[in-house]
Amino acid sequence: MKLSIPEEEIMGHGHLACQGCGAALAMRYALKAFGRNTVMTFPACCWSVIDGPFPHSAVNVPLFHTCFEAAASTASGIKAGFDAQGKDVNVVAWAGDGGTYDIGIQALSGAAERNDDIIYVCYDNEAYMNTGVQRSGSTPYLSWTTTTPVKHPKQRPKKDIVSIMAAHRIPYLATASVAFPEDMITKFKKAKDIKGTRFLLVFSPCPPGWRANPENTIKLAKLAVLTRVFPLIEVENGRVWKLTKKVRTVKPVSEYLKLQGRFRHLSEDDVAVIQENTNKDWEILMDKVGEKD
Amino acid sequence: MPKKSEVKIIFESIKDMPPLAVSLYTMDYNKTGSWRNVRPIIDYDKCTYCTICWKFCPEPSIDLEKIEVDGKEKFKPIINYKYCKGCGICWTECPVDAIYTEEESE
């Protein structure tokens, strides 16, 4: 029997992630795809804690902890250093959604505009989970967080980072989900072999922040794709949009929402609004992909 | 690549410290198995060696051992209880319900 994903484990045991952490799983797959010839940089995010205290590290590749807003620019600098030494190393900026959607976006936009030869991975858990579930630009519409309490849930939709990055005309951009590791590793390997700025968005559920059971991590990530809340796509040069996971039987969003405590306060009307928004977003995406289904 | 160490490294004086904030050791000293409330146990009579549990383990605390079943090479999943946090992904995702659970008593 052949394994569907590489066997070598680069990420070590004993890291400090919560039970059922999607981000830890994302890192495990990412390192399998990138291999040991990788240098990482973390801004402030869950992974700056998960990695462990000095002098220990769970990542087992060289890494650099940097400040919140500078993941992309630090990676650009590391890459320039390696270029000066004549070494070919994958430089990966590994940031959470806060460090990508909100705080780190100017550094990311700058690096993407210069087309620096870095891989930028954003693991998207839809709030500032590390500091205690505060609302971020990635938090979905009507979701509960500690700063958007049940009486005043978030009134704005999730920021469309994929379109923002596509507008930079970067050579490669893809979304992945921890529930589809084969698809994710294929995309990461493809990204590794391309030159220029590559942006990868990984959907990684957060059981404590989403008020979900840790055993449902994979189920939630799978349902997000099957309900079309988080489509799996690839964009090349900002122009060629491709759908990599075609969903045959689409599930209603209520199935995805009811597994999470952060959506427990929603009424049936609210769920209908979310379903309508999801359908509209899907239509807009289908116009870009140029397929009809 | 960091060295393996099963004990937590504490520097006695400033002279022992490296000149830079670099990672020298893995996190293997941190036995996260103590976080577990429920212990997953694989029933090898039911197990089909599909390796789905290994694929979705975020720790990673499921190791694979190469075995031969009916002349075919297969991978047997073995749970490493030193590090398993008991998140429950393996027993939820197992397609044949070959992983059962017991209340942790240790």
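Every chain is numbered from 1, with letters handed out A, B, ... down the list of sequences.
Both the backbone and the side chain of Lys8(B) come within less than 4.5 Å of a heavy atom in chain A. Both the backbone and the side chain of Glu59(B) come within contact range of chain A, each with at least one heavy atom under 4.5 Å from a heavy atom of that chain. Residue Lys219(A) touches chain B through both its backbone and its side chain, counting heavy-atom pairs closer than 4.5 Å. Heavy atoms of Asp51(A) lying under 4.5 Å from chain B belong exclusively to its backbone. Looking at Ala179(A), the atoms closer than 4.5 Å to chain B (heavy atoms on both sides) all sit in the backbone: N, CA, C or O. Heavy atoms of Val59(A) lying under 4.5 Å from chain B are absent altogether. For a residue to count as touching a neighbouring chain, one of its non-hydrogen atoms must lie under 4.5 Å from one of that chain's; by this rule Tyr29(A) touches chain B with the side chain only. Heavy atoms of Ile10(A) lying under 4.5 Å from chain B are absent altogether.
Side-chain polar atoms of Thr244(A) and Lys187(A) form a donor-acceptor pair below 3.5 angstrom.
Per-residue heavy-atom pair counts under 4.5 Å with chain B were compared for Pro53(A), Cys21(A), Ala24(A), Ala17(A), and the maximum is reached by Ala17(A). Per-residue counts of heavy-atom pairs under 4.5 Å with chain B were compared for Pro214(A), Pro181(A), Ser57(A); the largest is that of Ser57(A). Each of Asn80(B), Thr32(B), Leu64(B), Ile89(B) has some count of heavy-atom pairs under 4.5 Å with chain A, and the biggest count is that of Ile89(B). Taking Arg28(A), Gln19(A), Met27(A) one by one and counting their heavy-atom pairs under 4.5 Å with chain B, the maximum is reached by Arg28(A).
For the pair Glu102(B) and Arg39(B), the salt-bridge criterion is not met [side-chain N within less than 4.0 Å of a carboxylate O]. A salt bridge does not link Lys32(A) to Glu7(A): none of the charged nitrogens lies less than 4.0 Å from a carboxylate oxygen.
No option in Tyr120(A), Phe188(A), Phe34(A) other than Phe34(A) meets the side-chain contact (heavy atoms from CB on, under 4.5 Å) test with Val92(A).
Within the 6.0 Å centre-distance limit, the rings of Phe203(A) and Trp210(A) are counted as a close aromatic pair. In this structure, Trp91(B) has its ring center at least 6.0 angstrom away from the ring center of Tyr100(B).
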Do any side-chain atoms of residues 46-57 of chain B form donor-acceptor pairs under 3.5 angstrom with protein atoms, and if so which ones, sequence neighbours left out?
unit_1, atom_1, unit_2, atom_2, d
Trp54(B), NE1, Glu9(A), OE2, 3.2
Lys55(B), NZ, Glu182(A), OE2, 2.7

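Side chain of Asn37(A) to backbone of Asp88(A): a donor-acceptor contact under 3.5 angstrom is found.
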